[in-house]
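Hydrogens, waters and symmetry mates are skipped; everything else that's a heavy atom, side chains included, is used. Everything quoted here is computed from the prediction, not taken from an experiment.
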Amino acid sequence: MRGVNTTMTIDTQSFQRQIEAIKRASGRAGSSTVRYWSRIMLRKLAYKTAKASRKYKLAGRLRAGWWPAASALGVNTVYSGSFPNKGEGSAIDNIANPINPSFTMTNTVPYGPHVEGIAAALQQGVSEVEARAKAEWETKYASQLRGFAGI
């Protein structure tokens with residue numbers, strides 16, 4: 001019997017649009033904006049990654065899959081469990097790209113997609129960070145409008 005490879009996809013397109021709007025409205029450098037929101041997203045996803053049930057061998061590794069991204073971003077608060085990351089996660093740090101800065105985080109713990117409710121929990125985390133980004137953008141935009149109007 002061959003191994004089964006399952007992938008779980010999280011939609012972040014709307015979140016990406018919010019980040020672009022924040023960059024434009026705030027005048028902040030793209031790299032600092034991407035780093036800031038990547039750190040927030042990482043913390044949220046790690047928090048939403050519940051420990052898997054005991055039916056999975058080494059169930060605590062699921063949250064450890066975020067560790068490579070945490071390490072690349074300098075975030076040391078996402079995982080403090082007893083299971084080390086065993087190469088089951090990665091990060092692509094392209095934040096320094098002046099044209100299109102980005103940060104990609106991947107959690108490849110094999111049983112992750114099979115954990116009940118994990119996809120919904122992670123998508124909810126993305127939505128929560130997206131709402132926060134939208135609120136920040138709207139606050140910044142309203143502030144700028146007041147400034148232009150001399151209020």
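In this view, Ile40 and Tyr36, Trp37, Val129, Arg132 satisfy the side chain to side chain contact (heavy atoms under 4.5 Å, CB included) rule, not counting sequence neighbours. By the side chain to side chain contact (heavy atoms under 4.5 Å, CB included) test, Ser102 is found to be paired with Asn94, residues two or more places apart in sequence or in another chain being considered.
Leu45 CG to Gln124 CD: the interatomic distance, rounded to the nearest 0.5 Å, is 11.5 Å. If you take OG on Ser90 and CH2 on Trp66, they are separated by 10.0 Å, rounding to the nearest 0.5 Å.
The shortest non-hydrogen separation linking Arg39 to Leu73 is NH1-O, 2.5 Å. Minimum interatomic distance between Ala91 and Pro68 (heavy atoms only, all atoms of both residues): CB-O, 3.9 Å. Heavy-atom minimum distance, Pro110 versus Pro113: O-CD, 3.6 Å. Here the closest non-hydrogen pair linking Leu62 and Tyr111 is N-OH, 3.3 Å. Nearest heavy-atom pair across Phe103 and Ile95 is CD1-CD1, 3.9 Å. Counting all heavy atoms, side chain and backbone alike, Glu88 lies closest to Thr108 at C-OG1, 3.0 Å.
Contacts classified as salt bridge (Lys or Arg N to Asp or Glu O under 4.0 Å) and involving residues 91-102 (residues at least two apart or in different chains) are given here: Arg35-Asp93.
A donor-acceptor contact shorter than 3.5 Å links the side chain of Ser38 to the backbone of Val34.
Between Glu130 and Lys134, every side-chain heavy-atom pair lies at or beyond the 4.5 Å cut-off. Counting only heavy atoms from C-beta outward, the side chains of Thr139 and Glu136 never approach each other to under 4.5 Å. Proximity of Leu122 to Asn107: side-chain heavy atoms (C-beta onward) are nowhere separated by under 4.5 Å.
In the hydrophobic clustering of ILVMFWY residues, with side-chain heavy atoms under 4.5 Å counting as a link, Tyr47 and Met41 come out apart.
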